[in-house]
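Worksheet: one structure, shown below.
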There are 2 protein chains.
Amino acid sequence: MTVDPLAHPTSDDVAARLRSRGLRVTGPRLTVYRTLARLGGHRSADQVAAAVAGDGPGLPRTSVYNALKALADAGLVAAVDAGPGTALYEVHGHSHHHFLCRRCEALLDVPAATPVQDLLGLQLPGAVIESAQVVLRGVCPQCAGTPAS
Amino acid sequence: MTVDPLAHPTSDDVAARLRSRGLRVTGPRLTVYRTLARLGGHRSADQVAAAVAGDGPGLPRTSVYNALKALADAGLVAAVDAGPGTALYEVHGHSHHHFLCRRCEALLDVPAATPVQDLLGLQLPGAVIESAQVVLRGVCPQCAGTPAS
DNA sequence: ATCCAGATTTAGACCCTGTACAAATTTAGA
DNA sequence: TCTAAATTTGTACAGGGTCTAAATCTGGAT
């Protein structure tokens with residue numbers, strides 16, 4: 001079993017990453033991370049909680065939220081705002097942005113070929129930009145091909 | 001009184017814009033739009049509702065939400081996600097993006113000198129990109145100058 | 001000028017996501 | 001092994017937004 005540099009971090013990687021941020025390595029955090037990685041894509045906290053519950057005793061809702069927050073602080077998980085009251089989480093992989101279709105509500109990944117924060121950072125002297133989230137809205141290619149209802 | 005091309009749209013402009021989208025021109029929609037324009041900046045739905053109430057009989061909370069949604073559909077108002085469960089609205093003026101300070105929670109405007117959607121649109125062939133929202137996160141210039149607590 | 005169909009407003013209850021709290025438990029270093 | 005501090009857990013709570021159905025209003029047709 002060779003090491004694939006593109007694969008998700010192993011549990012050991014996750015543990016090291018948490019420790020390096022001064023966060024403790026706990027069961028819920030590893031469970032939530034592994035579940036989110038296995039599910040892939042954009043998932044709500046409750047989707048994660050449901051998936052965790054499907055694998056065994058499950059975790060309280062609050063614990064899933066706590067774990068997601070800790071993982072996000074450690075930079076292992078990214079939170080995406082897909083509208084008010086709709087937070088989605090995903091394992092932090094290669095940088096990309098999001099496109100939200102107004103017609104079918106699909107959430108598509110958009111490659112981040114351009115370093116957006118570099119461009120915009122110039123406009124905000126003195127600020128430390130730690131992350132940039134881009135949400136594009138419009139009509140996705142599939143819906144654009146069919147006439148509006 | 002000359003026409004200032006940089007001024008907010010008049011009520012007539014707003015009415016025309018609503019009609020062009022197949023939306024009806026109603027009292028609540030005009031009231032909400034005018035109030036948001038008068039307040040300026042980024043406002044929550046409840047802030048708008050409170051301001052409306054201060055001017056007379058007020059509007060039910062639901063009506064404010066409905067109106068904001070209709071105005072957003074018409075492109076007259078922009079909704080900014082400033083984290084989960086925190087939607088802010090602003091009159092859709094010149095394109096700009098937002099920076100959210102992790103330390104003091106300030107929400108700053110960032111000039112959009114670069115046409116972000118043009119850059120990213122290239123990555124999504126066939127899609128109709130109607131808006132691009134960029135939320136930068138980090139530490140604002142003021143907080144960056146003071147040591148962390 | 002009046003009418004009508006359909007969109008919109010309104011009022012209320014409701015849901016959902018996330019947070020606050022305090023006690024029990026667990027981690028990690030001594 | 002032992003201890004202090006971080007974390008988990010269960011419960012309750014809060015804010016923001018949505019759903020529903022009846023009343024009202026808009027805008028085109030008559």
Side-chain angles (χ1 to χ4, degrees), chain A residues 11-12 14-33 35-36 42-53 56-74 76-77 79-90 100 105 149, chain B residues 11-12 14-33 35-36 42-50 52-53 56-74 76-77 79-89 105:
Chain A
S11 287
D12 282 351
V14 175
R17 187 73 175 258
L18 285 169
R19 267 190 274 262
S20 75
R21 291 268 183 154
L23 296 168
R24 292 188 174 174
V25 179
T26 68
R29 290 175 181 172
L30 292 176
T31 300
V32 166
Y33 181 85
T35 302
L36 187 57
H42 322 91
R43 304 293 175 171
S44 70
D46 274 358
Q47 276 184 301
V48 175
V52 169
L59 287 173
R61 209 166 56 92
T62 308
S63 296
V64 173
Y65 278 95
N66 285 343
L68 285 171
K69 189 169 193 175
L71 292 167
D73 283 348
L76 287 160
V77 157
V80 186
D81 293 333
T86 309
L88 300 176
Y89 300 87
E90 63 186 352
L100 192 57
E105 310 248 296
S149 60
Chain B
S11 286
D12 282 351
V14 175
R17 187 73 175 258
L18 285 169
R19 267 190 274 263
S20 76
R21 290 269 183 153
L23 297 167
R24 292 188 174 175
V25 180
T26 68
R29 289 174 182 174
L30 292 176
T31 300
V32 166
Y33 182 85
T35 302
L36 187 57
H42 321 91
R43 304 293 174 172
S44 69
D46 276 356
Q47 276 183 299
V48 174
V52 169
L59 286 173
R61 207 165 59 95
T62 308
S63 296
V64 173
Y65 279 95
N66 286 343
L68 286 171
K69 188 170 192 175
L71 292 167
D73 283 347
L76 288 160
V77 157
V80 186
D81 293 332
T86 310
L88 300 175
Y89 301 86
E105 309 247 299

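Sequence lines set the chain letters: A, B, ... in the order given, protein chains first and strands last, and positions in each chain run from 1. This is a predicted model, so every value here is computed, not measured.
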Could you check R24(B) against G27(A) and say which one's nearest nucleotide on DNA chain D is further toward the 5' end?
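The residue whose closest nucleotide sits nearer the 5' end is G27(A).
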Of V64(A) and S44(B), whose nearest nucleotide on DNA chain D comes first from the 5' end?
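Result: V64(A).
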Measure the distance from CG on L30(A) to P on dT8(D) and round it to the nearest whole Å.
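After rounding, the reported distance stands at 10 Å.
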Starting from C1' on dG16(D), measure out to CG on N66(B) and report it in whole angstrom.
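Interatomic distance, CG of N66(B) to C1' of dG16(D): 14 Å.
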Respond yes when some side-chain nitrogen or oxygen of [X] is under 4.0 Å from OP1 or OP2 of [N], and no when none is.
{"X": "R29(A)", "N": "dT7(D)", "value": "yes"}
{"X": "R19(A)", "N": "dA28(C)", "value": "yes"}
{"X": "S63(A)", "N": "dT9(D)", "value": "yes"}

Any strand is fair game: report the nucleotide pairing with dA30(C) by Watson-Crick or G-U wobble, both distances under 3.5 Å, or none.
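Across any shown strand, dA30(C) pairs with dT1(D).
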Answer yes or no: side-chain N or O of T62(A) and base N or O of dT11(D) forming a donor-acceptor pair under 3.5 Å.
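Yes, a donor-acceptor pair under 3.5 Å.
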For a quick check of understanding: with a heavy-atom distance under 4.0 Å over all strands, which category does [X] fall into, base, sugar-phosphate or nothing?
{"X": "R61(B)", "result": "base"}
{"X": "D46(B)", "result": "sugar-phosphate"}
{"X": "T26(B)", "result": "sugar-phosphate"}
{"X": "A87(B)", "result": "sugar-phosphate"}
{"X": "A67(A)", "result": "nothing"}

Most 5' of L23(A) and G58(B) on DNA chain C, judged by nearest nucleotide:
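By nearest-heavy-atom nucleotide position, the 5'-most residue is G58(B).
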Determine whether L71(A) and L18(A) make a side-chain contact, defined as any pair of heavy atoms from C-beta on separated by less than 4.5 Å.
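Yes - at least one pair of side-chain heavy atoms lies under 4.5 Å apart.
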With heavy-atom distances below 4.5 Å as the criterion, would you say the side chains of V48(A) and Y89(A) are in contact?
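A side-chain contact under 4.5 Å is absent here.
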